[in-house]
Amino acid sequence: MRKIIHKLIFCAFISVAISTPLAFAQEKSIVVSSTTSTEQSGLFEYILPIFKMKTGITVKVVAVGTGQALDIGRRGDADVVFVHDKPAEEIFVQEGYSTKRNEVMYNDFVLVGPKSDAAKVGGGKDIQVALQKISAAQTPFVSRGDKSGTHAAELRYWKGAGITVSPSQTWYKETGSGMGPALNTASAMNAYILTDRATWLSFKNRGDLAILVQGDPKLFNQYGVMLVNPAKFPSVKKAEGQAFIDWLISKNGQDVIASYQIGGEQLFFPNAKR
């Protein structure tokens, strides 16, 4: 009897040893380098479990500024890049790091500032006029300063306003951080800041800050997704990465994105071209 028991234990051990590696081998996952706005707004937390339930693919997100997210793709350290700086994304494709850029969704940027509004920009709809007033009044302004999509947009607006900004200016502070931490800094300083609307809606530590400028067509904020080129980086998980992209731009994926709300307000608006 003891010999039989020992044989059963041995067989069970062998079975576990063989089946466990197979189970791990069957687990599918991808790495997506993306922006802090898609993570800090809660979008990924909302949509990724739905995607995994449909496909069995786990998505591991590296959330950084758009510039850093693209650099991660350039190193081949991600399978998919999901960001919001169209000119930089087009350069990424031109350089051969991806073969196609897919538009996924959009929202907008808003200028947030103290309700006391020392620069008197509240109620305006022209972001460049608002920045001219802030510069003239030299009221505190917080910039992400991290080469993110939001930072790139902010710099375009300053340039359009005919103003050169620099951290050497006492009223202009660069944080080098994501959107959430930058908003925390602006709240603590009672300063103006440009933010994407989605992160603002999910942001809790608002203090005396409120939306002061919105509705300018220049504040349109488009998001795109790209598969990192497997011809450049053979380690890229082409099938799984493309499955994620295909789902994002499918009717089901677009409907899921549209259904994400905070306080009854939709954060992202799908506009994929299928």
Side-chain angles (χ1 to χ4, degrees), residues 35-37 40-41 64-70 83-91 106-223 267:
T35 75
T36 59
S37 61
Q40 292 172 2
S41 65
V64 289
T66 285
Q68 291 174 281
L70 290 168
V83 289
H84 64 140
D85 184 353
K86 186 174 180 178
E89 294 163 43
E90 290 173 339
I91 291 172
Y106 69 92
N107 60 10
D108 63 343
F109 294 112
V110 293
L111 183 68
V112 169
K115 295 173 186 174
S116 55
D117 192 17
K120 307 300 180 189
V121 302
K125 290 188 179 295
D126 190 320
I127 183 63
Q128 293 174 178
V129 169
L131 293 179
Q132 288 168 347
K133 290 180 178 180
I134 291 169
S135 174
Q138 296 196 358
T139 48
F141 184 95
V142 170
S143 169
R144 283 179 57 171
D146 64 348
K147 298 183 180 179
S148 63
T150 305
H151 182 219
E154 178 215 316
L155 293 180
R156 287 196 299 270
Y157 302 147
W158 284 117
K159 184 177 180 180
I163 297 165
T164 301
V165 288
S166 165
S168 64
Q169 296 162 307
T170 56
W171 57 274
Y172 185 82
K173 178 177 177 58
E174 288 186 344
T175 64
S177 64
M179 198 69 254
L183 279 166
N184 278 322
T185 300
S187 179
M189 292 178 60
N190 225 24
Y192 295 90
I193 185 171
L194 183 77
T195 176
D196 66 284
R197 189 185 294 270
T199 307
W200 172 251
L201 288 173
S202 61
F203 183 63
K204 306 300 182 187
N205 182 33
R206 295 183 180 183
D208 193 46
L209 301 183
I211 293 177
L212 298 178
V213 178
Q214 58 185 325
D216 187 335
K218 292 188 289 294
L219 293 171
F220 179 79
N221 181 29
Q222 178 71 52
Y223 288 78
L267 275 71

Which pair of heavy atoms, one from [X] and one from [Y], lies closest together, and at what distance?
X: Glu174; Y: Pro167; value: OE1-CG, 3.4 Å
X: Gly176; Y: Asp146; value: C-CB, 4.1 Å
X: Thr66; Y: Gly149; value: CB-N, 3.3 Å
X: Ala182; Y: Thr175; value: CB-OG1, 3.8 Å
X: Ala88; Y: Leu70; value: CB-CD1, 3.7 Å
X: Ala69; Y: Val64; value: N-CG2, 3.4 Å

What I'd like to find out is whether the side chain of [X] reaches to under 4.5 Å of the side chain of [Y], using heavy atoms alone.
X: Pro181; Y: Gln40; answer: yes
X: Leu194; Y: Leu219; answer: yes
X: Leu111; Y: Ile134; answer: yes
X: Phe141; Y: Ser135; answer: no
X: Pro114; Y: Tyr192; answer: yes
X: Ile127; Y: Phe109; answer: no

Are [X] and [Y] linked by a side-chain donor-acceptor pair shorter than 3.5 Å?
X: Tyr172; Y: Ser143; result: yes
X: Ser148; Y: Thr150; result: no
X: Thr35; Y: Tyr223; result: no

Approximate separation, where rounding is to 0.5 Å, of [X] [atom1] and [Y] [atom2]:
X: Leu267; Y: Leu201; atom1: CG; atom2: CG; result: 5.0 Å
X: Lys218; Y: Lys125; atom1: NZ; atom2: NZ; result: 12.0 Å
X: Leu183; Y: Thr195; atom1: CG; atom2: OG1; result: 4.5 Å
X: Asn221; Y: Lys86; atom1: CG; atom2: NZ; result: 12.5 Å
X: Lys115; Y: Asp208; atom1: NZ; atom2: CG; result: 5.5 Å
X: Met189; Y: Leu209; atom1: CE; atom2: CG; result: 11.0 Å

| field | side chain to side chain contact (heavy atoms under 4.5 Å, CB included) between Leu155 and Val165, intermediate numbers included | value | CA-CA 8 Å; Leu155 293 180; Val165 288; 4.3 Å; yes
So, [X] side chain and [Y] main chain: donor-acceptor pair closer than 3.5 Å or not?
X: Gln169; Y: Ser166; answer: yes
X: Gln132; Y: Ala161; answer: yes
X: Ser187; Y: Asn205; answer: yes
X: Arg206; Y: Trp200; answer: yes

| message | List the residues meeting salt bridge (Lys or Arg N to Asp or Glu O under 4.0 Å) with Lys147, not counting sequence neighbours, and say none if there are none. | response | none
| Could you walk me through whether Lys173 and Ile193 pass the side chain to side chain contact (heavy atoms under 4.5 Å, CB included) check? | CA-CA 10 Å; Lys173 178 177 177 58; Ile193 185 171; over 6 Å; no
| said: Considering only residues two or more places apart or on different chains, which pairs with a residue in residues 181-202 satisfy salt bridge (Lys or Arg N to Asp or Glu O under 4.0 Å)? | reply: Asp108-Arg197
| query | Can we say Lys133 and Asp117 salt-bridge, meaning some charged N sits less than 4.0 Å from an Asp/Glu carboxylate O? | reply | no
